[in-house]
2 protein chains.
Amino acid sequence: MAKIKITRELVAQKAKVAPSTVSRALSGHPGIPKRTADKVKKIAEALGYIPSSLGRSHFQKKSFRIGCVIPYKFDQRIQTLPSDYFSKFLYGLMLSAMEKNYSVTVIPDSGLSASELAHNVQSNNVDGLVFLGIRRGDTRFSELYRKKIPFIFIHHYEPGRNYPYVDTNAETGLREAMEYLKSNGLNKCMLVSGGNAFRNALDRTAIYKKLIKEYSFSDLGIIDGDFSIKSGVFAAKKIALEGLPEVIFCANDRIACGLIQGFQELQIRVPMDVKVIVFDDMNVTRIVTPKLTTIENPFFECGKKAAELILSCIKKEKPQNIILPSKLIIRDSA
Amino acid sequence: MAKIKITRELVAQKAKVAPSTVSRALSGHPGIPKRTADKVKKIAEALGYIPSSLGRSHFQKKSFRIGCVIPYKFDQRIQTLPSDYFSKFLYGLMLSAMEKNYSVTVIPDSGLSASELAHNVQSNNVDGLVFLGIRRGDTRFSELYRKKIPFIFIHHYEPGRNYPYVDTNAETGLREAMEYLKSNGLNKCMLVSGGNAFRNALDRTAIYKKLIKEYSFSDLGIIDGDFSIKSGVFAAKKIALEGLPEVIFCANDRIACGLIQGFQELQIRVPMDVKVIVFDDMNVTRIVTPKLTTIENPFFECGKKAAELILSCIKKEKPQNIILPSKLIIRDSA
DNA sequence: CTGAAAGCGCTTACAG
DNA sequence: CTGAAAGCGCTTACAG
């Protein structure tokens, strides 16, 4: 029952053309007349011929694959990126890549060296790298840049460097939020920040500071958090002691969940006693009670744009950074 | 500034051996004496030679890649698999694959035909397929089987077929849960089921039915859910009308969150008025209040085993299905 | 123990 | 418009 492998040669033979003509017909080469192309296509189809992506890749010295580098840490339990972020982004990336006949390979990163990262491209396993969840102070990128490895950042950038990136502008959504609050007569606000490990957390804090001035909110200060539930619980206790504002912005959903938990224990009710608005828009914001009013970060769109950007880097075009707007989604917490 | 590509030939020249010897030295061929191998390795390293995975793959007619097929649907918003499931599983798969010098390519599936799925392997884009989130009644697999495409299921199986799979045994964890409840003197219980679209949901219901008899629980019946928040809210109302049991099992976290929301509106408190135990263990179970007591499904382990199983299929070994135990994690809801 | 040679399946200049 | 030929960079039998 040895099945014969359907090769290009077999198709050529049946169609009475040369193998190179088969290739040309199937890839839509302009020089081939429609009649010939159609004949070849029909025979190829009938025979079930499927071109080897390995042969093609090898000849062209391109893998037609994008490497998506995903950080992780092993502690007691496996630490991943916020999962929704990861999966929504990845869908966008995959779908957009697919349209361009690229596929996506995932690369786990528990602290690979710059050389190890470069290796993925130098060995032609992938054609370029997409980085998410990058922390400030990561020093691996100058080597990649020097080695001319195509790479981009998602939700990160390095001031003063020419590393291309796709980012979300927190300002548009925060502006909507502040206008919404103003129109409801709210005035006293606070922020539980995301600390300084991530560029995005820093930016959110900076934009918050700028806008509360611009919109003349009464500034009750900032509490430093770190994107964890625990820091939210802690913030709740501190805020309860110091006196409640009317609105609390949280740098992410985990902080907000911790905050609301902390308030619950103190009999402080959201949104009746204090409103809460959250950055990002994870699935959890719709699962918890109350459902969280958020400044949405368009992860899926971001993935789509990421595919476009890394492909332009791979083609050695001059990359154009992409900045997507965030927007307000009103639910129950504010 | 034209950089010369470091080739195997250059290494061979510097080391005064043939190119084939370079390959052999670098891949640890047994016939090469340590002296020669070390010399070649040193020179290759110094030159920064990195073998092309494309050449290797092409020659061996193997991509050294596992395809992870991820279902999605476009509705108003993109529908993904439960995200934690997806990401934790993927980590396990990636890490385990990496140990065997395989990488993982993700394949989005919004209803690809069997031929389209097969195509990924036939074109050598990947060597085999891993399926998650498969619904009962999916008819695409007989064609894959017939075409001898290596593939496996995760958390799914087809009775009477020889399709290999990795699954979790819900019984071990449920048994622990029931013993735990008994030891606390609890007796009257219910289940909000996950419907019949997924094999796993069906299995959970069947095992539940079996064990409440075995442990002599007082059976207050089953409410059909569908893994959605809404079905949890609905169940809460129904249960409140019909009279509260002591314990409610939920087929997943979304149902449980809906249930607790529904109870909250009715002033029914968890765990004071009724205990809740949930299958799976998503991140959300630790974020919500109360933290949910769960029967853990080891997603990460499952990913690791999946890599082993699909690789054994690829190597044409006789695949051995893998069934992992679940276990009880006690938190605040029961 | 090591080299020369064949071949993996493609694509693309180069002829005609 | 189409064919014959070269070559992508590797591995592995086959000689020696």
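Letters A, B, ... are given to chains in the order of the sequence lines, protein chains preceding strands, and every chain is numbered from 1.
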Next on the checklist: Over all strands shown, is B:Pro19 touching base, sugar-phosphate only, or nothing at heavy-atom distances under 4.0 angstrom?
Outcome noted: nothing
Checklist entry - Rounded to whole angstroms, how far apart are CZ on A:Arg24 and C1' on C:dC14? => result 10 Å
Checklist entry - Given D:dG9, is OP1 or OP2 found less than 4.0 Å from the side-chain N or O atoms of B:Ser23? => result no
Checklist entry - Separation of A:Lys61 atom NZ from C:dC8 atom P, in whole Å? => result 21 Å
Checklist entry - C:dC10 P sits how many Å from A:Ile50 CD1, rounded? => result 11 Å
Checklist entry - Whole-Å distance between D:dG9 C1' and A:Asn125 CG? => result 15 Å
Checklist outcome for this item: Considering only heavy side-chain atoms of A:Ile32, the closest of C:dC10, C:dG3, D:dT2 is D:dT2
Item to check | d(NE2, A:His29; P, D:dG3) in whole Å | outcome: 13 Å
Checklist entry - For the residue pair B:Tyr163 and B:Phe151, does the interplanar ring angle fall in the parallel (under 30°), tilted (30 to 60°) or perpendicular (over 60°) class? => result tilted
Checklist entry - NA contact type, B:Ser57, heavy-atom cut-off 4.0 Å: base, sugar-phosphate, or nothing? => result nothing
Next on the checklist: From the set C:dT2, C:dG9, D:dT2, return the single nucleotide nearest to any side-chain atom of A:His58.
Outcome noted: C:dG9
Checklist entry - Going by the angle between their ring planes, with limits at 30° and 60°, are A:Tyr85 and A:His155 parallel, tilted or perpendicular? => result tilted
Next on the checklist: Under 3.5 Å, is there any donor-acceptor pair linking the side chain of B:Ser20 to the base of C:dA5?
Outcome noted: no
Checklist entry - According to a strict under-4.0 Å criterion, is B:Tyr49 in side-chain N/O contact with OP1 or OP2 of D:dC10? => result yes
Checklist outcome for this item: Ranking D:dC1, C:dC10, D:dC8 by distance to the side chain of A:Ser52, first place goes to C:dC10
Item to check | Complement of D:dA13, any strand, by Watson-Crick or G-U distances under 3.5 angstrom | outcome: none
Next on the checklist: Using a 4.0 Å heavy-atom cut-off, does B:Glu9 contact any base of the nucleic acid, only the sugar-phosphate backbone, or nothing at all?
Outcome noted: nothing
Checklist outcome for this item: 5'-most contact on DNA chain C (nearest-nucleotide basis), A:Ser27 vs B:Lys16, goes to B:Lys16
Next on the checklist: In this structure, how many angstroms lie between the P atom of D:dG9 and the CD1 atom of B:Ile6, rounded?
Outcome noted: 12 Å
Item to check | Atom-to-atom span, CG of A:Asp127 to C1' of D:dC8 - whole angstrom | outcome: 15 Å
Checklist outcome for this item: Using Watson-Crick geometry (N1-N3 plus N6-O4 or O6-N4) or G-U wobble (N1-O2, O6-N3), each under 3.5 Å, C:dA4 is paired with none
Checklist entry - Within 45° of the ring axis of A:Phe153 and under 6.0 Å from its six-membered ring centre, is that where the NZ or CZ of A:Arg199 lies? => result no
Checklist entry - Between B:Lys147 and B:Glu143, is there a side-chain N and carboxylate O pair less than 4.0 Å apart? => result yes
Checklist entry - Just how far, in rounded Å, is P of D:dG9 from CD of B:Gln60? => result 17 Å
Next on the checklist: Can a side-chain donor-acceptor contact be found between B:Asn124 and B:Ser63 if the only test is distance below 3.5 angstrom?
Outcome noted: no
